[in-house]
Amino acid sequence: MKNYMAPMEGVTNWFYRNAYHECFYPMDKYFTPFITAKPNKRLSSKEIKEVSPDTNGKLPVVPQILTNNAEDFVKTAHIFRDEYGHKEVNLNLGCPSGTVTAKGKGAGFLGEPEKLDRFLDEIFANTGMEISIKTRVGTDYEEDWERLLEIYSKYPIKELIIHPRLLKDHYKGTPRYGLYEEAQRKIKVPLGYNGDIFSVEAYQEIQEKFPDADSFMYGRGIIARPYLLDEIMCGTRMKKEDRQSQYKQKMRQFHDCLYREYQEYLSGERNVLFRMKELWSYMAPGFTNYAKYLKKIKKSQHLGDYEAAVMSLFGEQEIL
Ligand SMILES: Cc1cc2nc3c(=O)[nH]c(=O)nc-3n(C[C@H](O)[C@H](O)[C@H](O)COP(=O)(O)O)c2cc1C
């Protein structure tokens, strides 16, 4: 069973992945947030940092592509391969954002199965790299899934990572576990599971449901509790008090590392604060009595105010 960090636009960027990898239980793969393929694609400097070994060191990073145009996909994948040494690319068929789906991309592409089939035919014939797919299970109806599975079963997909929600679900409700089971029954490609692994208990429940999954992918759960995989892999062997103090220490180290990186690479206090505040909206609820500290963090206009608020949260509260 492998563990993957989910691609999350604006969150799991190269700064985040490096800091995470240094401080916590390492993931087997880190997927970049989506990079849009365009005709005559040249990567922006931000995109280069996402995929370049210069900024990602030895981390096992897989670039993710968002497009519904096969030629653009192939060209972009070849840039990743020829200029940055990647062997695998991932196709985004899950993004539910209206601006993406309106153009028939991300989860929107699942609404045009015949076009998707032709697209996959072309990219599998012409890319010459390993292609994994991250998919939702349809747009509006559970019945969509059967046709999509028929299509997926035709191609040598390196791994099909399934977030078992429809596009219309966004992130609401419980994942549609039955549709993941249907994939297990009907297709032979390696399958990964993604969705709502927010705690050790949730992990155990899903692991029991899907013991044959090749991988589990962690998104919001790992952002909120970056020590979640440490807890899953080694936590049961430690006493609760030891775990709490060790994870809090690691959180502090992780925070300081990421904060330092952002200050070094981003221009201006505002950009650094924007990133850190977004992160705290996920992480703060993992602390006792967090509300007033989060308010202070969110209100801070300067790095000094921010640091004071973070220091008092770490100093005065415990992780749950
Ligand atoms: C803020 C945010 C950004 C995301 N960006 C991407 C992305 O760039 N590519 C992608 O495939 N999925 C993206 N996702 C979806 C996640 O990768 C993941 O599938 C989803 O959060 C469900 O997993 P979780 O329940 O473990 O969070 C994003 C989700 C969120 C909340």
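Atoms within a ligand are numbered from 1 in the order they appear, just like the ligands themselves. Reckoned from all heavy atoms, side chains included, excluding hydrogens, waters and symmetry mates.
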Residues pairing under ring-ring contact (aromatic ring centres under 6.0 Å, His included) where one sits in residues 237-264, two or more places apart or in two chains, turn out to be F15-Y262, Y16-F254, F24-F254, Y227-Y247, H255-Y259, H255-W280, H255-Y306, Y259-Y306
Note: ligand 1 atoms sitting under 4.0 Å from heavy atoms of D196 are 24 (P), 25 (O), 26 (O)
>> Between T288 (side chain only) and E318 (backbone N and O only), is there a donor and an acceptor less than 3.5 Å apart?
In response: yes
closest protein heavy atom to atom 11 (O) of ligand 1 is Q64 NE2, 2.8 Å
Residue, atom and distance of the protein heavy atom nearest atom 17 (O) of ligand 1 read P7 O, 2.7 Å
Atom 31 (C) of ligand 1: closest protein heavy atom, distance to 0.1 Å, is M8 CE, 3.6 Å
For N92, the ligand 1 atoms with a heavy-atom partner under 4.0 Å come out as 9 (N), 10 (C), 11 (O)
For atom 26 (O) of ligand 1, the closest protein heavy atom turns out to be G219 N, 2.9 Å
among protein heavy atoms, the one nearest atom 18 (C) of ligand 1 is N194 OD1, 3.4 Å
Self-check item: Centroid-centroid distance, F287 to Y293, less than 6.0 Å
Solution: no
for atom 29 (C) of ligand 1, nearest protein heavy atom and its distance come out as Y171 OH, 3.2 Å
Ligand 1 to K134, heavy atom cutoff 4.0 Å, flagged ligand atoms 10 (C), 11 (O), 12 (N), 15 (C), 16 (C), 17 (O), 18 (C), 19 (O)
Taking only non-hydrogen atoms of A6 and a 4.0 Å limit, the atoms of ligand 1 in range are 17 (O)
Please state whether the rings of Y193 and Y180 are parallel, tilted or perpendicular, taking 30° and 60° as the class boundaries. perpendicular
of all protein heavy atoms, closest to atom 8 (O) of ligand 1 is F34 N, 3.1 Å
Counting heavy atoms under 4.0 Å, the part of E9 that contacts ligand 1 is both
Open item on the list: Using a 3.5 Å distance criterion without hydrogens, assess whether the side chain of K134 forms a donor-acceptor pair with backbone atoms of C95.
Closed with: no
Quiz item: Does at least one non-hydrogen atom of G195 fall below 4.0 angstrom from an atom of ligand 1?
Solution: yes
Near P33 (heavy-atom distance under 4.0 Å), the atoms of ligand 1 are 8 (O)
Interatomic distance, CE@M5 vs OG1@T12, rounded to 0.5 Å, equals 6.5 Å
Inset, instruction - Might you confirm whether atom CD of Q249 has over 12 heavy atoms from other residues, nucleotides or ligands at distances under 6.0 Å? - result: no
| field | Check: L166 main-chain N/O paired with D169 side-chain donor or acceptor under 3.5 Å | value | yes
Check the side chains of Y4 and E159 for a donor-acceptor pair under 3.5 angstrom, ignoring hydrogens and angles. yes
Per-atom filter on ligand 1: closer than 4.0 angstrom to a heavy atom of Y282 are 1 (C), 31 (C)
| said: Using side-chain heavy atoms (C-beta onward) and a distance below 4.5 Å, is N56 in contact with V51? | reply: no
Looking only at distance, does H163 have an N or O less than 3.5 Å from an N or O of ligand 1? no
Do I222 and Y282 belong together in a cluster built from hydrophobic side chains that touch within less than 4.5 Å? yes
Ligand 1 to R220, heavy atom cutoff 4.0 Å, flagged ligand atoms 21 (O), 24 (P), 25 (O), 26 (O), 27 (O)
